[in-house]
Amino acid sequence: MTSYLRFSLANARFLAFGTLAATLSGFGQTFYIAIFGGELRAAFDLTHGEYGLLYSLATLGSGLLIIWAGRQLDRMPLPRFVTFVGLGVALGCLLLASAQTAVMLGLALFLLRFCGQGLFTHVSATSMGRYFDANRGKAVSIAAKGLPLGEAIMPAIAVALIAAIGWRQTWYLSAAFMLLLAIPLLLWLLRGQGRREEAHMAHRRSQAEEPGVNTAARQWTRAEVLRDPRFYRVLPVMMAAPLTVTGMLFHLAALADGKGWSMGWLAGSFTGFALAHVAGLLVAGPLLDRHGARPLLRGFLWPMAAGLAIVATVDQPAAAWLFMALMGLSLGGAATLLGALWPQLYGVAHLGAIRALVHATLILSTAITPVAIGVALDGGLSMEAIALMLAGYLVGATVLAWTAVAPRPQAEKTA
């Protein structure tokens with residue numbers, strides 16, 4: 001804990017930037033948009049299936065475009081890139097507030113998913129993974145705490161604002177917040193940091209060009225990563241937590257109905273989810289810095305698999321809190337790995353392009369699960385059966401990834 005504190009104080013502004021970017025991704029995250037689901041379905045006369053399909057299409061479009069857009073982080077100064085992302089979120093909020101047709105709603109959801117859930121998350125994890133070496137795990141885990149912060153406060157704020165001023169005015173207020181407070185604060189936190197990061201990247205690229213210099217073995221391009229068998233053994237385990245959490249949370253009402261749990265009780269369990277998410281981040285960061293990615297990769301999904309097994313077999317209301325807490329714990333490990341694994345495997349010179357590819361794959365997986373689970377429910381499958389199937393996927397993906405990452409060399413551990 002002392003090393004965490006020293007590191008945080010020494011890099012407070014840049015870590016605060018990464019944390020804020022992760023928090024702002026909440027405007028495009030499922031946990032936040034789902035709060036408006038009832039109002040949106042009523043306003044646009046959509047069935048549950050139609051709304052889910054629209055959301056999945058918006059997510060799919062986001063995942064495809066982020067392959068190109070995320071790569072621009074390798075080429076564009078960080079302050080400029082962040083400004084474009086913030087403006088995109090603000091535009092999405094304005095479109096959603098003023099939408100009169102389902103097409104406008106779909107476009108607004110696309111912008112929120114693309115710039116919020118997609119690019120703000122990409123900015124946070126990539127900037128932390130690129131800038132820090134020895135303390136990369138700590139940096140990623142600290143910045144990633146912005147997401148559980150959003151999980152803890154944004155739904156409650158949204159519910160209060162909807163009750164006070166209505167859902168459209170809430171989105172207008174969100175746009176004003178982004179333009180007048182969030183973007184200026186992000187740029188202030190980056191003041192002077194952009195030049196340091198560019199100098200750091202120039203140094204790392206020059207190292208990659210020098211014969212015999214070992215930086216994460218070598219600096220891989222995205223094309224080389226796509227030809228690396230390790231990538232395909234690791235990718236399923238990295239997809240597992242986002243697709244599981246998105247699918248289960250999007251169909252939380254179906255889970256409540258099947259179990260006889262109230263939605264109020266389930267909504268309260270988000271407190272346990274957020275706290276466990278933070279705990280997972282606190283544990284995963286130092287573990288990764290001390291031992292490398294391999295031990296974390298082997299074990300971070302077991303809590304989530306156990307939570308799904310509990311959902312499948314236990315009907316007591318307390319199981320909801322245990323399930324949500326175990327999901328949050330694994331999500332903390334997933335967030336740390338997502339930011340720190342790729343630079344460890346493939347270097348940092350092309351990290352933006354590589355992370356964009358990975359993030360696009362994760363987004364595509366989260367686009368599939370709401371529709372797939374919805375179809376399964378319509379076909380008569382229970383949420384308990386779906387939970388067991390997801391648990392089986394988590395176990396299989398973990399086993400597949402066990403041999404993908406070699407033990408960390410002793411020299412690297414002590415560097």
Side-chain angles (χ1 to χ4, degrees), residues 1 3-5 7-8 15 18-19 21-23 25-26 29-31 117 121 124-125 128-129 132 135-155 234 237-249 269-311 319-342 344 358-359 362 366 390-391 393-395 397-398 401 405:
M1 189 59 68
S3 63
Y4 243 104
L5 182 60
F7 174 70
S8 299
L15 292 171
T19 304
T23 303
S25 77
Q29 298 282 2
T30 301
F31 72 80
Q117 187 260 358
T121 302
S124 176
M128 297 300 104
F132 296 100
N135 292 294
R136 181 175 289 133
K138 292 187 185 70
V140 172
S141 68
I142 289 170
K145 289 180 182 64
L147 183 56
L149 177 63
E151 293 163 354
I153 64 174
M154 291 180 67
V234 170
V237 83
M238 300 308 297
M239 292 166 52
L243 71 85
T244 299
V245 171
T246 298
M248 293 299 290
L249 294 187
S269 68
F270 271 95
T271 303
F273 179 77
L275 290 174
H277 192 167
V278 171
L281 292 167
L282 286 170
V283 171
L287 180 64
L288 190 143
D289 286 337
R290 193 174 302 117
H291 302 291
R294 200 182 195 206
L296 190 58
L297 196 65
R298 286 186 164 191
F300 80 101
L301 285 178
W302 293 118
M304 186 175 290
L308 290 166
I310 289 170
V311 163
W321 280 72
L322 186 56
F323 162 63
M324 293 290 277
L326 290 169
M327 279 215 307
L329 193 61
S330 283
L331 203 58
T336 303
L337 270 174
L338 189 61
L341 177 63
W342 308 112
Q344 180 178 321
V358 172
H359 202 69
L362 301 186
T366 62
L390 287 171
Y393 170 74
L394 300 187
V395 173
T398 299
V405 181

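Below, all heavy atoms of this structure are taken into account, side chains as well, without hydrogens, waters or symmetry copies. None of these values were measured; they are calculated from a predicted model.
Nearest heavy atom pair, residue Thr398 against residue Leu297, reads CG2-O, 4.2 Å. Minimum heavy-atom separation, Gly333 to Leu296: O-CD2, 4.2 Å. Scanning both residues, Leu301 and Ala240, for their nearest heavy atoms gives CD1-CB, 3.6 Å. Taking both residues in full, the closest heavy atoms of Ala241 and Ala334 are given as CB-CB, 3.8 Å, listed atom of the first, atom of the second, then distance. Here the closest heavy-atom approach between residue Leu362 and residue Pro242 is recorded as CD1-CG, 4.4 Å.
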Would you check, one step at a time, whether the test side-chain contact (heavy atoms from CB on, under 4.5 Å) holds for Leu390 with Leu243? CA-CA 9 Å; Leu390 287 171; Leu243 71 85; 4.1 Å; yes
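Shown here are the side chain to side chain donor-acceptor pair (under 3.5 Å) partners of Thr30, two or more places apart in sequence or in another chain: Tyr55. Phe273 pairs by the ring pair (Phe, Tyr, Trp, His ring centres under 6.0 Å) definition with Phe270, not counting sequence neighbours. For Ser124, the side chain to side chain contact (heavy atoms under 4.5 Å, CB included) test picks out Ala21, Ala22, Ala143, with sequence neighbours left out. Qualifying side chain to side chain contact (heavy atoms under 4.5 Å, CB included) partners for Met154, counting only residues two or more places apart in sequence or in other chains: Phe27, Phe31, Tyr32. For Thr246, there are no side chain to side chain donor-acceptor pair (under 3.5 Å) partners at least two apart in sequence or on another chain.
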Contacts under 3.5 angstrom, residues 323-331 side chains, donor-acceptor by atom type, not counting sequence neighbours:
residue : atom : partner : partner atom : Å
Ser330  : OG   : Phe300  : O            : 2.6
Ser330  : OG   : Met304  : N            : 3.0

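In this structure the side chain of Met128 never reaches within 4.5 angstrom of the side chain of Ile142, judged on heavy atoms. Side-chain atoms of Val234 and Met238, non-hydrogen and from C-beta on, do get closer than 4.5 Å to each other.
Leu322 CG to Ile310 CD1: the interatomic distance, rounded to the nearest 0.5 Å, is 4.0 Å. One finds the CG atom of Leu308 at 6.0 Å from the CG atom of Leu394 (value rounded to the nearest 0.5 Å).
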